[in-house]
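As C-alpha cells, the structure follows; a few thoughts come after it.
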Amino acid sequence: MALDYRKCAQEIVDHIGGRDNVAQAAHCATRLRLVIKDNSKVDKEYLDNIDGVKGMFESNGQLQLIIGTGTVNKVYDEFLAITGMTAATKDDVKAAAAAKQPLWKRLLKPIGDVFVPILPAIVASGLLMGIVEALAKIPGLNFGDTAWFAFLDMMANTAFAFLPVIVAISAARVFGGNIFLGAVIGLMMVHTGLLNGWNVGSADAINSFFGVTDGVIPTWNLFGNIKIGNYVLGSISRHGYQGHVIPVILSIFCMSKIEKWLHKHVPEMIDLFVTPICTVFVTSLLTFIVIGPIFAGLETVVLNVAEVMVKNPIGAMAMGAIYPVTVVMGLHHMYNVIEAGMLSSVGLNTWMPIASAANFAQFGACLAVGLKVRSAKTKSVAVPSSMSAALGITEPAIFGVNLRFYKPFIAGMVGGAVGAVFGAITGIGATAYGVTGIPGYLTVNNPLVYTILLAVSGGIAFVGTWMFFHEEEKKAPVAAPAAKEENFVGETIISCEAGKVAAPVKGQVVAQDQIPDETFASGVLGQGVGILPADETVYAPYDGTISSVADSKHAVGITGAGDMELLIHVGVDTVAMNGEGFEVLVADGDTVKAGQPILRFSKEKIKAAGHPDIVVVLLTNSDDYNNVTV
C-alpha cells in the first residue's frame with residue numbers, strides 16, 4: 001500500500017513538539033533535515049516507528065529522519081503545508097543548527113574556519129623557524145653567521161612576516177568577500193612604509209626607522225589636530241600588524257559586509273569600479289583608525305599588567321594561563337619589552353620560564369591530540385605542529401589544533417599556569433630573550449630545573465588533553481535502506497488460448513466501458529480493463545519482451561507467449577505531461593518476468609495535471625484469438 005504522505009508528515013510534526021519547536025526544515029535526496037529548538041520535546045521512540053520513517057539520527061545540531069528517495073520530497077511538501085513553514089535549503093538548516101551552538105563556540109568557529117586552509121603554510125614555516133633558531137643558538141657552531149642561516153631564516157619567516165596577508169585571503173573566503181580585496185587589506189597592514197609590528201616596543205628601532213630621537217612612533221592625523229579629549233580624530237599610528245590575527249579577521253569581516261552592501265545598492269553600470277574602491281577605502285580607515293588602535297591599547301594594558309604580575313607566583317600563574325590567549329590575539333610579541341627591561345636592570349630574564357611553560361604546555365596538548373586521534377588528516381597536522389611548539393613556535397599548534405578542539409587549548413592553559421608557578425618559585429631565568437621551549441636550554445641558568453618546568457607544564461597539558469579530549473566520531477551518512485523491489489503478480493484479468501494476463505498494478509479493476517476515454521472504452525484498440533491504482537508501480541503481467549516504450553514514459557507495450565501484444569497505458573491524456581511524474585525501468589527489447597517492476601508513476605502529479613490516473617490494460621491484438629475472456 002502506498003505511503004500516506006500527509007499522515008506521515010502529521011505524525012512527525014506531532015512528535016517533534018509541533019511547529020513552534022522547529023527552527024528550520026529542509027530535505028536532501030533521502031532525509032528530512034530538521035533543526036529543533038528544544039530536544040526534550042522530541043519523542044524519538046515514536047518517530048523511529050512512524051510508517052515511512054526508516055531511521056533517525058542526530059548530527060551537527062540537526063535531527064535527520066531517513067525517509068527515502070522519491071518519497072522524502074512528498075513528505076516534506078506535506079510537512080510544509082501542515083506547519084506553514086517556507087522551504088529552506090540545506091545551507092539554511094546548517095546555519096540554523098550552527099546558531100544553536102554556545103556563544104563561545106560561535107565566536108571561535110570563524111578563527112578555525114580561517115586557519116584550516118592555511119595550516120600547511122604555518123606548520124611548515126613554524127617547524128623550520130624553530131629548527132633554524134635552535135641551530136643558531138648552539139655555541140661554537142656559528143650557524144647564525146652563515147649564508148644558509150640567512151636563506152633558511154628568510155624562508156621560515158615569510159609565512160609569519162606576511163601572516164596578515166594569508167589570514168586576510170582566507171578570511172575573505174570565509175566571510176564571502178572578494179579575496180583579492182582581502183589581500184590588499186592584508187598587504188596594507190604589513191606595508192613596508194609602516195614600522196614592523198614586532199618593533200613597536202623598541203625605541204631604537206623606532207628612532208632608526210623614522211629618523212626621530214624620542215622613541216615615539218609618528219602618526220598621520222588625517223583631519224588635522226581636531227581632538228576629542230586626548231584623542232586626535234583620525235590619527236593613525238604608523239606601524240604595521242605583523243603577527244596579528246584578530247585585527248585582520250575583524251577588518252576582513254567588516255570589509256566583506258561593506259562590499260556586500262555596496263553590491264546591493266550601487267547601480268550595476270558603475271559597480272565594477274565604485275564598489276572595490278569604496279570597500280578598500282572605508283575598510284582601511286576602519287582598520288587603522290578603529291580596529292588597530294583598539295589592539296594597540298590592548299597591548300599597552302596587557303604589557304602593564306604582565307610587568308606587575310610576573311613578579312610573584314600568583315601573577316606568574318595567571319600569565320602562564322593567559323599567555324596563549326595573547327598569542328591568539330597577536331599581542332605576545334610585546335613581551336620582548338619586558339624581557340629586555342629585565343636583562344638591562346637585573347641581568348636575568350625571569351619572564352622566559354613563564355613563556356616557555358605556556359608554550360611547552362601547548363606542545364603537550366597538541367602532541368596528545370596527535371597521538372590519540374584516529375583521523376589521519378588531524379594526526380598529520382597535530383604531530384608536526386607539536387614539534388614546532390616544542391621549539392617555541394606555537395601558532396601552528398594553537399590555531400591548527402588546540403584552539404579548534406577547545407579542550408586541548410584549555411588543558412594547555414592549565415599546564416602553562418602550573419609550570420609558570422614552578423618557574424616563579426624556583427627563580428629560574430634566562431640570559432637572553434626571544435627563545436623558549438627546547439632552544440631555551442641554551443640561555444637558562446639552571447638546565448635541570450628548566451627540564452622539570454617543561455616536564456610539568458607539558459605533562460599536565462598532555463594528561464589533561466588525553467583524559468578530557470575525545471575525538472568527535474564522524475557519523476557516516478546513514479543511507480536510506482534500499483527500496484526492496486518486491487515482485488507482484490496480480491489476479492488474472494484477461495485470458496485467451498495463448499495465455500493469461502495478470503493485473504499489472506495493484507488496485508480496483510473496472511470494466512472497459514467505464515474507462516473515461518472513448519477510444520479506450522470502445523474497444524477499438526482491443527479488449528481490456530481499467531484499474532484504479534492503489535499503488536504507483538506497474539509490474540510485468542507475464543513473461544515477455546518489451547516491444548515499445550512511449551517517449552513520454554506513460555505507456556509500455558509487452559509481447560508475450562503466443563504473440564500476445566499488451567498495451568499498459570497509465571492515465572488518460574497523460575502524453576501531455578511529457579514524462580513528468582513517470583520513471584520507466586525497462587527499455588525496448590528487454591526481457592521481463594511476470595511480476596517484475598517496469599514503470600513507476602506519481603498519482604499526485606497526474607491528478608495535479610488534471611488527468612484521470614486510471615491504468616488502462618488492453619490486449620491490442622485480441623481479434624487474433626477466438627476465446628478472449630475479460
With side-chain contact (heavy atoms from CB on, under 4.5 Å) as the test, would you mind laying out the steps for Leu34 and Phe79 before giving the verdict?
CA-CA 11 Å; Leu34 307 174; Phe79 183 92; 3.8 Å; yes

Working note: Leu286 + Ile258, criterion side-chain contact (heavy atoms from CB on, under 4.5 Å); need CA distance, chi angles, decisive distance, verdict.
CA-CA 11 Å; Leu286 282 174; Ile258 293 168; 4.0 Å; yes

Pair Glu604, Tyr5: side-chain N/O donor-acceptor within cut-off below 3.5 Å
no

Ignoring hydrogens and angles, state whether a donor on the side chain of Glu45 or Asn49 is under 3.5 Å from an acceptor on the partner side chain.
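Looking only at side-chain atoms, Asn49 and Glu45 do not form any donor-acceptor pair under 3.5 Å.
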
Keeping the roles fixed (side chain from [X], backbone from [Y]), state whether a donor-acceptor pair exists under 3.5 Å.
| X | Y | answer |
| --- | --- | --- |
| Ser547 | Gly557 | yes |
| Ser602 | Gly581 | no |
| Glu259 | Asn178 | yes |
| Asp517 | Val572 | no |
| Thr492 | Ile494 | no |
| Lys44 | Asn39 | no |
| Asn621 | Glu565 | yes |
| Gln596 | Lys593 | yes |
| Asp77 | Lys74 | no |
| His15 | Gly17 | no |

Check the surroundings of atom [atom1] in [X]: do more than 12 heavy atoms from other residues, nucleotides or ligands lie under 6.0 Å from it?
| X | atom1 | result |
| --- | --- | --- |
| Ile277 | CD1 | no |
| Arg173 | CZ | no |
| Lys603 | NZ | yes |
| Leu272 | CG | no |

To the nearest 0.5 Å, how far apart are [atom1] in [X] and [atom2] in [Y]?
| X | Y | atom1 | atom2 | answer |
| --- | --- | --- | --- | --- |
| Gln24 | Lys37 | CD | NZ | 10.0 Å |
| Ile606 | Phe601 | CD1 | CZ | 6.0 Å |
| Ser548 | Leu567 | OG | CG | 7.0 Å |
| Ile568 | Ile558 | CD1 | CD1 | 4.0 Å |
| Thr591 | Asp543 | OG1 | CG | 9.5 Å |
| Tyr76 | Ile12 | OH | CD1 | 12.5 Å |

For residues [X] and [Y], report the shortest heavy-atom separation together with the two atoms involved.
| X | Y | value |
| --- | --- | --- |
| Ile179 | Ala172 | CA-CB, 3.7 Å |
| Leu566 | Pro541 | CD2-CG, 3.3 Å |
| Gly490 | Phe488 | CA-CZ, 3.5 Å |
| Leu262 | Cys278 | CD1-CB, 3.7 Å |
| Ile493 | Pro504 | CD1-CD, 4.0 Å |
| Gly562 | Ala498 | CA-CB, 3.9 Å |

Against Met255, only a single residue in Val282, Leu250, Thr283 fulfils side chain to side chain contact (heavy atoms under 4.5 Å, CB included); can you say which?
Thr283

Can you list the steps and then say if Ile614 with Ile515 is a side-chain contact (heavy atoms from CB on, under 4.5 Å)?
CA-CA 8 Å; Ile614 190 169; Ile515 298 174; 4.3 Å; yes

Flag the pair [X] / [Y] as yes when at least one side-chain heavy-atom distance between them is below 4.5 Å, and no otherwise.
| X | Y | result |
| --- | --- | --- |
| Val538 | Pro597 | no |
| Val510 | Leu532 | yes |
| Lys379 | Val373 | yes |
| Tyr539 | Asn487 | no |
| Thr574 | Pro612 | no |
| Lys372 | His470 | yes |
| Leu47 | Val53 | no |
| Lys41 | Asp38 | yes |

Working for salt bridge (charged side-chain N to carboxylate O under 4.0 Å, His left out), residues Arg600 and Glu536
CA-CA 6 Å; Arg600 295 194 185 99; Glu536 296 184 323; over 6 Å; no

Assess the residue pair Val592 and Thr545 against the criterion (side-chain contact (heavy atoms from CB on, under 4.5 Å)); give the C-alpha distance rounded to whole Å, side-chain angles, the decisive distance to 0.1 Å, and a yes or no.
CA-CA 6 Å; Val592 296; Thr545 302; over 6 Å; no

Ring of Tyr542, cation from Lys500 - is the NZ or CZ under 6.0 Å from the centre and inside 45° of the axis?
no

Kindly indicate, with the supporting measurements, whether the criterion salt bridge (charged side-chain N to carboxylate O under 4.0 Å, His left out) is fulfilled by Lys605 and Glu583.
CA-CA 12 Å; Lys605 290 187 177 180; Glu583 179 186 9; over 6 Å; no

Once you measure the plane-to-plane angle for Phe175 and Phe253, does it fall in the parallel (<30°), tilted (30-60°) or perpendicular (>60°) bin?
perpendicular

Glu471 with Arg404: basic N within carboxylate O range, under 4.0 Å
no

Would you call Glu11 and Lys7 a salt bridge, using N to O less than 4.0 angstrom?
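The answer is yes: the pair qualifies as a salt bridge.
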
